[in-house]
Amino acid sequence: MISEQIRVRFAPSPTGFLHVGGLRTALYNYLFARQNHGVFILRIEDTDRSRYVEGAVENLINTLQWVGLDYDEGPIKGGAYGPYVQSERLEIYRKYAKQLVDEGKAYYCFCTSDRLEQMRTELEQKGEFAKYDRFCLKLSPSEIEQKLKSNLPYVIRMKVPDNTTIKFYDLIRKDVEISSELIDDQVLLKSDGYPTYHLANVVDDHLMKVTHVIRGEEWLPSVPKHILLYQYFNWEVPVLAHLPLLLNPDKSKLSKRQGDVAVEDYRAKGYLREGLINFIALLGWNPGDEREIFTLEELIKEFSLERVGKSGAVFNIDKLNWINLQHIHRKTEKEMLPILKEILSRSKYKDLFFSDDYLEKVIHAMRERINYFAGILEKSPYFFEPPKEYDSVYIAKHWKAETPDWLGKLIEEFSKLNNPKKEDFENALNRTAEALGLGRGKIIHAVRLAVSGMGEGPGLYDILDILGKEEVIKRIQQAIKNIKL
RNA sequence: GGCGCUAUCGUCUAAGGGUUUAGGACACCGCCCUCUCAAGGCGGUAAUACGGGUUCGAAUCCCGUUAGCGCUACCA
């Protein structure tokens with residue numbers, strides 16, 4: 001087709017939160033659409049009523065918005081080919097399922113789940129492929145009519161031809177072929193009137209004029225069913241691209257238990273959307289040269305399905321942390337301020353007040369020492385509350401019997417300061433050390449311990465500057481009182 | 001079990017038969033910087049799963065084995 005507009009879709013089922021694997025699928029679809037000036041569709045696949053989760057759709061849209069993947073057509077926003085929620089398209093699926101029945105390409109099945117289960121166990125015991133035995137295909141037209149009339153629950157199954165090999169081309173997998181003998185007479189319309197994925201996705205992709213189907217590898221084995229359906233309807237098959245899976249560190253399919261899998265989790269920890277997107281993009285794709293840090297705009301320019309790999313990729317949190325830090329490097333304190341505030345508002349410090357100016361200084365001091373913003377609370381709680389305890393290893397190393405006396409002298413010097421800045425603290429400390437005939441280090445470490453309770457963190461004078469004279473003196477006095485050798 | 005997909009450093013990956021003593025990044029280790037911890041700079045360890053072919057030549061092509069994963073639902 002000449003200059004056909006590219007249309008792709010991200011079609012999640014609303015069963016909870018957006019999974020990082022889902023984000024990757026959404027991202028690749030988005031990049032491909034934007035790069036080709038195409039359309040990015042969001043379609044909600046909620047055809048399993050038993051798995052419906054309240055608020056999941058809103059959450060999904062919200063999360064997509066947060067990472068910056070805006071869709072062109074979809075729920076709320078609408079579009080020319082809606083509705084974009086499958087539960088609102090039931091009549092459409094019913095119509096097409098009926099059409100296949102009328103044309104002899106599908107048939108009613110009245111088998112109970114008990115019978116199906118029994119049939120399967122028997123076949124499995126014999127070591128055979130547990131395929132539907134086509135019991136209901138043998139029903140006569142009058143039998144079918146009678147059963148329908150008596151309101152027996154039924155499903156519609158597709159009739160899969162025998163002895164055919166289904167071949168197809170996948171942009172990523174290349175040529176794949178599967179024998180039809182291994183394909184079950186798949187249920188298309190369930191007894192509750194909802195379609196299964198297979199019917200719904202084929203009908204919708206065609207009706208929504210989707211040109212490229214980019215989705216996870218778990219769908220690869222069911223492609224033949226879809227190809228058959230396209231043939232039955234006499235529709236053109238979209239271009240297929242099946243993405244490799246995302247894996248846990250132990251190479252099993254990425255799941256809860258082995259870390260966070262919801263995009264929400266990363267947002268809550270204070271990862272930058274730029275960092276997450278950049279990292280996710282590199283799981284299965286690379287630009288072909290040695291660049292690694294990309295913005296969304298750069299990804300749109302560089303991305304190509306041809307450079308997507310075939311093998312599964314482990315979600316490696318260390319690499320995410322590093323990439324996120326690279327994006328932190330590129331931001332100003334002011335830009336990052338809202339993220340820290342958001343995290344504080346959900347922390348145990350939520351009722352305390354900190355000025356923007358104060359928080360920006362904290363960000364400045366900590367930005368090289370964190371990988372995500374919750375790290376500021378984890379690594380430097382002393383910016384939000386006085387130390388409750390003091391690191392014992394650091395005490396052993398840097399707190400001498402004479403330390404309280406030295407710090408007493410230091411407090412005297414600090415007290416004389418008027419609205420001190422970083423350099424003033426530094427000069428005062430130097431004077432004290434000199435007067436006591438000590439190396440500065442002896443005092444510096446003790447003061448760090450006194451004000452922060454820890455043995456690591458930003459430069460001491462930065463900490464003092466941020467905390468301010470009054471607080472510093474108070475904390476040193478507290479430490480002298482509390483630290484016992 | 002059957003079918004399918006996949007297989008380069010621990011991890012993400014480059015190398016599309018000869019330019020490869022297999023390159024980069026994260027992680028790890030060492031050194032430098034330094035008031036601590038980071039960041040940064042410099043350096044190092046580390047891989048073509050195995051076995052057969054094809055070819056003058058294979059990480060690259062073919063076959064087999066093995067392993068991992070996926071699918072095998074009135075779930076998506």
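Both backbone and side-chain heavy atoms feed into the values below; hydrogens, waters and symmetry mates do not. Below, read A as the first sequence line, B as the second, and so on, with proteins coming before strands; counting in each chain starts at 1.
- Base-pair partner of B/C31: B/G41 (Watson-Crick or G-U wobble, both distances under 3.5 Å).
- Regarding A/L460, its CG atom lies at a distance of 9 Å from the C1' atom of B/U36, rounded to whole Å.
- Across all strands shown, B/A58 forms no Watson-Crick or G-U wobble pair with both distances under 3.5 Å.
- On a pure distance criterion of 3.5 Å, a polar donor-acceptor pair joins the side chain of A/K319 and the base of B/A25.
- Nucleic acid contact class of A/R307 (heavy atoms, under 4.0 Å, all strands): sugar-phosphate only.
- With a cut-off of 3.5 Å on both pairing distances, the Watson-Crick or G-U wobble partner of B/G64 is B/C50.
- Between the C1' atom of B/G16 and the CG atom of A/N286 lies a distance of 13 Å, rounded to the nearest Å.
- Using P as the reference atom, B/C69 and B/C32 are 45 Å apart when rounded to the nearest Å.
- Among the heavy atoms of the strands, none lies under 4.0 Å from A/G216.
- Side-chain contact of A/Y93 with A/D204: a donor-acceptor pair under 3.5 Å is present, judged by distance alone.
- In this entry the distance linking CD of A/E378 with P of B/A38 reads 16 Å, nearest Å.
- Under the Watson-Crick or G-U wobble criterion, with both distances below 3.5 Å, B/A15 is left unpaired in every strand shown.
- The closest side-chain donor-acceptor pair between A/T112 and A/D114, if any, does not fall under 3.5 angstrom.
- Between A/R173 and A/E217 there is a salt bridge, since a side-chain N of the basic residue sits under 4.0 Å from a carboxylate O of the acidic one.
- Going from atom OH of A/Y382 over to atom P of B/U36 covers 14 Å, rounded to whole Å.
- Taking the C1' atoms as reference points, B/C42 lies 48 Å from B/G4, given to the whole Å.
- Atom name P, nucleotides B/G44 and B/U36: the rounded distance is 27 Å, in whole Å.
- Between the A/T403 side chain and the A/W399 main chain, no donor and acceptor come within less than 3.5 Å of each other.
- Between the side chain of A/K190 and the backbone N or O of A/T47 there is at least one donor-acceptor pair closer than 3.5 Å.
- Panel note: side chain A/E385, backbone A/Y382; no donor-acceptor pair is recorded below 3.5 Å.
- In this structure, the CG atom of A/D462 is 13 Å from the C1' atom of B/C37, given to the nearest Å.
- Using a 4.0 Å heavy-atom distance criterion, A/G441 is classed as making no nucleic acid contact.
- Applying the Watson-Crick and G-U wobble criteria (two distances, each under 3.5 Å), B/U36 pairs with nothing in any strand.
- Between B/A67 and B/A73, the two P atoms lie 24 Å apart (nearest whole Å).
- Checking B/A73 for Watson-Crick or G-U wobble geometry (two distances, each under 3.5 Å) identifies no partner in any strand.
- Counting only N and O atoms by type, the side chains of A/N430 and A/R440 include a donor and acceptor under 3.5 Å apart.
- B/C9 is unpaired under the Watson-Crick or G-U wobble criterion, no partner having all donor-acceptor distances under 3.5 Å.
- Nucleic acid contact class of A/R448 (heavy atoms, under 4.0 Å, all strands): base.
- Side-chain atoms of A/S380 never come within 3.5 Å of backbone atoms of A/F383 as a donor-acceptor pair (strictly under, hydrogens ignored).
- Residue A/I178 has its side chain nearest to B/C3 when only B/U36, B/C3, B/U11 are considered.
- With rounding to the nearest 0.5 Å, the separation of CD1 in A/I61 from CD1 in A/I44 is 5.5 Å.
- Between the C1' atom of B/C5 and the CG atom of A/L171 lies a distance of 16 Å, rounded to the nearest Å.
- In this structure, NZ of A/K310 is placed 14 Å from P of B/U60, rounded to the nearest angstrom.
- Taking atom P on both B/A22 and B/G68, the two are 30 Å apart, rounded to the nearest angstrom.
- Pair assignment for B/U20: none, as no Watson-Crick or G-U wobble contacts are both less than 3.5 Å.
- Within the 4.0 angstrom heavy-atom criterion, base atoms lie near A/Y461.
- Looking only at atom types and distance, the side chain of A/D48 has no donor-acceptor partner in the side chain of A/Y194 under 3.5 Å away.
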Under 3.5 Å, which donor-acceptor pairs link side chains of residues 239-247 of chain A to any protein atom two or more places apart or in another chain?
residue, atom, partner, partner atom, Å
A/H242, ND1, A/D170, OD2, 2.6
A/H242, NE2, A/R215, NH1, 3.0

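- A donor-acceptor contact under 3.5 angstrom links the side-chain atoms of A/R369 to the base of B/C37.
- B/A59 and B/C9 have their C1' atoms separated by 13 Å, with the value rounded to a whole Å.
- Comparing B/U8 with B/U48, their P atoms are spaced 11 Å from each other, to the whole Å.
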All N/O contacts under 3.5 Å from nucleotides 40-43 of chain B to the protein, with atom names and distances to one decimal?
none

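- Residues A/E378 and A/Y372 bring a donor and an acceptor atom of their side chains to less than 3.5 Å of each other.
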Sequence-aligned protein contact record of nucleotides 69-76 of chain B, with B where the base is within under 4.0 Å of a protein heavy atom and S where only the sugar-phosphate is: SSSSSBBB

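- With the nearest nucleotide of RNA chain B identified for both A/P458 and A/E306, A/E306 has the one nearer the 5' end.
- Rounded to whole Å, the distance from CG on A/N321 to P on B/C12 is 16 Å.
- Comparing the same atom, P, in B/G41 and in B/C63 gives a spacing of 46 Å after rounding to whole Å.
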